[in-house]
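Below, chains carry the letters A, B, ... as their sequence lines are ordered, and counting in each starts from 1.
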Amino acid sequence: MSDMKIVGFVCRLCAMVTSDLGPPADSKIKLETVELPCAGKVDGRLLLEAFEKGADAVFVAGCPEHECMNVKGSSRARKRLEHVQDILNQVGVGGDRLVMYNVSGTQGPRFAQIAKEMDELVKKLGPSPLKARKDRKETSQAV
Amino acid sequence: MSTVKHTDHGTASSFSQAIQKKSHQNINDCYQCMKCAGGCPMNSVMEHNNYEILRFIQLGERDKVLDSNTPWLCVGCKTCAVRCPNGIDTGKIMDALKMESMAADRVPEKEYPIKLFCELFLKSMAGFPVIGGEGRLYDMGMVGLYKMCTATFFNDMALGMEMGKRGMMPLLPHNAMHRRKGEIKKIFQRAKEKKA
Amino acid sequence: MKLGYYPGCSLHGNAQQYNMSTEAVFKALGMELAELPEWNCCGATPGHSTDTFLAMALPLRNLVIAEAEQQKELVLPCAACYNLVKAADHYFREGSEEAKDANEELKTIMGSSYSGNVTVTHPLEILTKKETLDQVGSQVKKPLAGLKVVTYYGCLLTRPAYVSFDDVEQPQAMDHLLRKAGADVRKWSYKTDCCGGSLTLPRTEVVVDITANLVNAAQRAGADAIVSACPLCQITLDTRQNNVEKKIPIFYFTELLGISFGNPDAKQWLKRHIVDPIPLLTSLHLL
Amino acid sequence: MQKDVLVIGGGIAGLQAALELAGAGYPVHLITDEPNLGGKLTDAATKNGQSTCAWGEQVNISSLFLGGNIHASSGVVGSFITRVMNNPLVQVYTGTKLVDFKGEAGHFQATVSDAATGKQTQNLAVGAVVLASGFSMYDVSKKGELGYGYYKNVMTSLEFEHLLTQSRYQADCIRRPSDGKCAERVAFIQCVGSRDSVSKAEYCSAICCMFTAKEAILAKEYAPKTDVTVFYLDVRSCGKNFDNILTQAQNLGTKYVRTMISEVKEDPVTENLAIRYVDAGEKKFGEYDLVVLAAGIRPATRLQETAKLLQLPLNEFGFVQVDPLDPVSTKRAGIFSVGGSQGPLDVPETLALSSAAAAATARTLGKPEGRQPRKPVPERDISKEPLRMGVFLCKSGLATMGADINAVAAAVKQLGDVSVVELDQAACDPASLEKLQKLIATQGLNRIVVSPCVMKNNLSLFQDAAQAGGLNRMLVEMPVVPLKAQEAGTGTQTAVALTKRALADVKGYRPLQWHAETVIPKALIVGGGVAGMATATALADRGFPSVLVEKSATLGGYVNTLSGSLEADDIKQTVEKLIAQVEKSDKIEVLKNAQVIASTGRQGHFVTTIAVGNATRNLDHGTTVLAVGTNEYAPAEFLFGEDPRVITGTEAQYRLLDGRLKAKDGETYVFMQCVGSRNDVHAYCSRTCCAQSVYSALALKKQNPLANVYVLSRDVRTPGYLELKFKEARQAGVLFLHYETADKPMLVNDKGQLSLSVVDYASRLTMNLKPDLMVLAVAQTATPEAQQIADVFKIQINEDGFLSETHSNIGSIAFPGGGIFIAGAAHGPKSVAECMTQARGVAGRAARVLAQPVLMMGGIVAEVDPDKCAACLTCVRTCPYTIPNITREKKEMGAAFISTADCRGCGMCASECPNKAIVLHHYLDEQVLQRVDTVLTEVV
């Protein structure tokens, strides 16, 4: 499972604060986070290119929608996420590899649960089909 | 789920004031935290938890208090008194309730032996007609009287023999009073007069 | 050093071994116990639970005598007597009306009243004073090696707070003494639990249960015997071990001290136990 | 007039006060008798083990006292300490105590000396003193029956927190001290040394319920097998969001048993702990692997000595005596007390007090000399320079990761494009920052990486140092020590990987510009209640004018209906005095029957449209304070409205005041708590109704002892010193009956006689009450206008309808925007005293913004490329702050324009723009994708 890659776009105001108490006790879970000023900054290009660059699963963690510091950052992010999920389904990568979470600034251990859920998701879904196609492409080039 | 009425308003004549004055305890301080019942050694054999008795007193439910065996099973070990967050000495309250129920002659039937034990203990300490022993507890006499009044000769019979054999049960009371003879009798006399 | 001594009814009745061993230990430590002349019974539980006047007058009478006999310090080995006399002294100093009223009554009956210059104390308090404790150490001839015990203070020795000379909930006085005498004092949580003593006749089954709990807990703590400083607790535990796993002897701490001092007439004391302690002591070569 | 301020105490209260005072320009001397700053928040246990970062690692361990803010993390708290250490105006004296004190307000002479030896004395001339001595924990070994100090597996909550954090990484479950076995059954015992007259602490310590709930949640999180039982009497989780944390704990399976524990017995063989207790009359027995005692609080050990030197009177419990309505000022002018020095206070109140103390000090000392602003260093243009990167390794950070320091230094030196590698014991202490500044100039560095650091918030420190060295502050990156467990030996490899990542990211960083924007030194205060008026008067004292907008015709708001409060009986005069002050002050312009319609602009210069009557008016102002207060819940239950004998708590108080309510002999008065609160509609506690009911019940019983007065409640929530009033009410004969939510009493009107049967929880007794008057303790609910106000000022309201502050009241993360503060009950139900305290604190913070001549705006903001913009208005619709507008300057066909001063930097427009015409600086697509690349390739 060690080569599985999970990338999370985390809103700096709510989710990033909780990520301090975030990592789960189980140190084998690998989880990478990229900080954004607000969940509303995430867009189709970032999410899709994250998969192209080899992420097996991607999540976006923003504030709870009724507590978002930028009023509608999280709701905008969720709409864009649903759109990207449709694209991922169409291209066969699977939209369920992309997950949206809402983490309030006052729920410390919630971030650790997110890490556990993502880890189980990746275990269930296995490596991303993109990676398999890329490997085949590389092997075919190398041959 | 017994239903209770609140008739006591803490006036001078009320039951709760009488008990509070006799035991010098502010029963109203209690916030029913149940700690006393948790630590009481006799809790398992008491009909009511001791904090419930305090609640009855606050409400003025005199009959429920006097009918309960809880006051009589309190051995005065002061565990509740030392640990009560509001500093209430429930032991003293139970003593006051014992005296109240004796005065009202309403000692619960099945706890009668405890009252009897107390009375015989004090009577034997005041001394016996012929054999004397004023001022000192005469075990043999007291236990004998207790056995007679409760007709329980047979239990502890073996134990009694064993203690006698080992010199733990002096046959005759100790007549210690010489110069101060009669003082104890006077004290008991005053006690009776004060009670009347 | 001369101390006033108030043995109490039990120490002339079923706890004569406590009386003899206390006198022996104090004598060995150079302290003479002068018995209070014509002392009277303190009334114990029956007294304080049925009559407020007797609860004060009976213990106070002893203080009046002690004062008349100029006994500055009064030693009371029995925890119940110590508790009630110390309480009478405490309420006198606090000026409670019951104490004032009893003092006046005693003035008419006895000719003199109590004015508060007697210090009420317990053997444990005296023996664990710094210098006396060292003296105890030097007196120990035969350390109680291998004797595993738990210390049982009972409820009246440390409660309520104004009578206590030690930690109310986790007293250590007896532990220090017995360790000084070489015994292996085990850790347990029942030091100040109540033995239910005053109900031993009217509600025997309750007392039997409590005794069973205590004795089983003592064995679980790895002890072969329980050491007490109160004749009510000692007689209750000694006589009510009806349904315990294994009967164990109930010592007085003064008996064990006496044995460790190599006192010859220890056997006299040990005769007066229902659960015979002699086999245990001989197996440890202490007799 | 001396302008220096002496702050006594290095805990969170002292740190916050020091930062606010230094921020306002007053030089601060901060003394603490501890070897480290941080007070209770740093873990005393590993203080002596100095190997790791001085305040990094430990701090996140004992965020115990941040009970309510369950997320509070080391970064947030640690940054308090690093910002104080590096603030030029704050002089820190650790291990120091006060030995002598003379003089009066404005001219004090304080002599301090080494705490241990009493030597090395120094004299400090100061104008004011802020006493933040904090508190100490009750010595639970005094309760021998609970076994602390005698049984190994009995510990205090602070010790359990350390155990929690250690077991979080190393073990799969919480290892108990005696034999290291898994502690699967944990029992918490509340109120140890609190609400207890025997240990001379009849007050409630107020913070224990919260840190127990928090620890129960964290225990369940770190070791799911653990099952936690809490023995309590009244759970007092009455702060904002506190009840959610309590329900969260209960949902995770924590059993709450309502009984106090008499003793704990240990089984000598298994060292398990047995507890015998009575639960609602039933005798029960439980065996536990671990027992945690929630120790109450006591005055700080040195408070007695310091208070004597400062000649401050102490109350009967040994805390500083303060007036609840003005809890910051003590009996001596110029000396203020904050935090635990005055009694049980949770962190939110402590921080409010610290800000209020800073404001009060400023009022006493007058204008500060004004800091000599750092002379701006001209910024070097690096656009044409070759890449020269400097790496500054921090030994403490590396030690926290267990990395081999020299191996990491060697590996980093080999990295290709690194020109300078430095190694410091602690990168964030002033000396290292000095060196970094010099090396930027001497070595011509144009990219800086400081690695690794435990404190997420230290990045701004290194950015300031870079700026002082002439390098644009955005060209700095600082990887954070991951909090995950490091398998043994991987520390070095992870540290190098982290540094490589930072170097890869910092290459893509570009310099950004800030520019000065004017600040309008005037505040807008929305809401004329107690909080609004207190803020206005506090600002006026500091010389800042304000406009007070009140929607009704009178000032005073909700508090007008109150006649007294448990904290101070003269509420009426206080409100009238405030109204007089506001009306009389020339600095406060009051607009009644006025409403705020719209507001735009940014911190320092807002433009708000206010409708007064039918005219509208545009007001320019620098900060906004929202004090819209709260409303009373109109109950529908308990026959309210149908029967005149059922009234609300405030109505009862009113009638008590004007004599209509007279307690008659034998009449029955029933107070019903939690009407409208703590149900599925309003899940929060309205915090003030218990105090109100106790006040009225006590008043009734005092009037006429023959009246029967009952208070029916699930918990009696009278935290802190209010507990003394609760006891007074019990002593007066008020009967408090606890009911379980399951058998909630119902009020019935049978043939004209109101009747209500309630089962008293403890004694299981049923009481049939015939109330002659039923008083409902109704909830405080958010004002309906709160949503409208939130939309106008573009902030949020939480699910209960109250205004949401920045993620927590520590709110140290300042992002462009801000300048909007919330004060009083608009933030959440509060008592009058708490409203006024928070208002004064908010006034202090607002004044700091208004006091700035200019504000540097810009940096991480959005920018439009006019050529790509088709003026399709998507960004105008998307921006929550309506900042973009279409102009023709750059492009005659019109293009969007985003003013760099107003932009809040959230980047929503950049992501929504169909043609990618808008970019958010520092988060350009290629920069973010570069970060995605590095996290995916560098395996840590």
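Heavy-atom distances place both the backbone and the side chain of C:Ile274 under 4.5 Å from chain B. Of the atoms belonging to C:Ala79, not a single heavy atom falls under 4.5 Å from chain B. Residue contact with chain C, scored on non-hydrogen atoms closer than 4.5 Å, involves the side chain of B:Arg83 exclusively. Contacts between C:Glu97 and chain B at a heavy-atom distance below 4.5 Å involve the side chain alone, from C-beta outward. For C:His273, the part lying under 4.5 angstrom from a heavy atom of chain B is the backbone only. Only the backbone of B:Lys181 comes within less than 4.5 Å of a heavy atom in chain C; its side chain stays farther off. In this structure, the portions of B:Leu73 lying under 4.5 Å from any heavy atom of chain C include both its backbone and its side chain. Within the 4.5 angstrom heavy-atom criterion, no atom of B:Ala81 approaches chain C. With a 4.5 Å cut-off on non-hydrogen atoms, B:Met177 touches chain C through its backbone and its side chain both. Looking at B:Glu111, only its side chain comes within 4.5 Å of chain C, counting heavy atoms on both sides.
The greatest number of non-hydrogen atom pairs below 4.5 Å with chain B, out of C:Asn213, C:Val206, C:Asp193, is found for C:Val206. Counting heavy-atom pairs closer than 4.5 Å to chain B, the top residue among C:Thr204, C:Ile65, C:Asp209 is C:Ile65. Chosen from B:Gly167, B:Gly76, B:Pro113, the residue pairing most often with chain C at heavy-atom distances under 4.5 Å is B:Gly167. Contacts with chain B were tallied for C:Gly43, C:Ala161, C:Ala57, C:Gly196; C:Gly43 has the most, counting heavy-atom pairs under 4.5 Å. With respect to chain B, the highest number of heavy-atom pairs below 4.5 Å among C:Leu201, C:Asn83, C:Leu106, C:Thr158 belongs to C:Leu201. Of the residues considered (C:Thr50, C:Thr192, C:Thr108), C:Thr50 shows the highest number of contacts with chain B, using heavy-atom pairs under 4.5 Å. Among C:Gly111, C:Pro160, C:Ser49, C:Cys155, the residue making the largest number of heavy-atom pairs under 4.5 Å with chain B is C:Ser49. Counting heavy-atom pairs closer than 4.5 Å to chain C, the top-ranked of the candidates B:Glu183, B:Lys78, B:Arg136 is B:Arg136. Heavy-atom pairs under 4.5 Å with chain C peak, among B:Leu97, B:Thr150, B:Leu116, B:Val45, at B:Val45.
Atom CZ of C:Arg203 and atom CG of B:Asn69 lie 6.5 Å apart (nearest 0.5 Å). With rounding to the nearest 0.5 Å, the separation of CE in B:Met168 from CG in C:Asp238 is 6.0 Å. Rounding to the nearest 0.5 Å places CE of B:Met163 at 4.0 Å from CD1 of C:Ile235. We find the CE-CZ distance between B:Met169 and C:Arg272 to be 13.5 Å, quoted to the nearest 0.5 Å. If you take NE2 on B:His174 and SG on C:Cys9, they are separated by 10.5 Å, rounding to the nearest 0.5 Å. Rounding to the nearest 0.5 Å places CZ of C:Arg61 at 10.0 Å from NZ of B:Lys186.
Contact of the C:Thr45 side chain with the B:Val75 side chain is not registered, since no non-hydrogen atoms from C-beta on lie closer than 4.5 Å. A 4.5 Å side-chain heavy-atom check between C:Leu58 and B:Met125 finds at least one atom pair inside the cut-off. Residues B:Met42 and C:Ile210 meet the side-chain proximity criterion, which asks for heavy atoms closer than 4.5 Å. Side-chain contact between B:Glu134 and C:Glu38 is absent, with no heavy atoms from C-beta onward closer than 4.5 Å. B:Tyr112 has its side chain out of reach of C:Pro202: every pair of non-hydrogen atoms, C-beta onward, lies at least 4.5 Å apart. Side-chain atoms of C:Gln16 and B:Arg166, non-hydrogen and from C-beta on, never get closer than 4.5 Å to each other. B:Ile187 has its side chain within reach of C:Phe53: a pair of non-hydrogen atoms, C-beta onward, lies under 4.5 Å apart. Side-chain atoms of B:Phe117 and C:Leu199, non-hydrogen and from C-beta on, never get closer than 4.5 Å to each other.
Nearest heavy-atom pair across C:Leu54 and B:Phe188 is CD1-CE2, 3.8 Å. Across every non-hydrogen atom of B:Pro170 and C:His12, the tightest pair is CG-O, 3.5 Å. Across every non-hydrogen atom of B:Leu137 and C:Cys41, the tightest pair is N-CB, 4.3 Å. Considering all non-hydrogen atoms of both residues, C:Glu105 and B:Arg190 come closest at OE1-NE, 2.6 Å.
For the pair C:Arg240 and B:Asp156, the salt-bridge criterion is met [side-chain N within less than 4.0 Å of a carboxylate O].
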**Request:** Might you work through the side-chain contact (heavy atoms from CB on, under 4.5 Å) test for B:Val82 and C:Glu169, ending with a clear yes or no?
**Result:** CA-CA 9 Å; B:Val82 172; C:Glu169 295 287 352; 3.5 Å; yes
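Shown are C:Asp51, C:Asp101, C:Thr52; of these, the side-chain hydrogen bond (donor to acceptor under 3.5 Å, both in side chains) with B:Lys194 is made only by C:Asp101.
A cation-pi arrangement is absent between B:Arg180 and C:Trp39 under the rule of less than 6.0 angstrom and at most 45 degrees off the ring axis.
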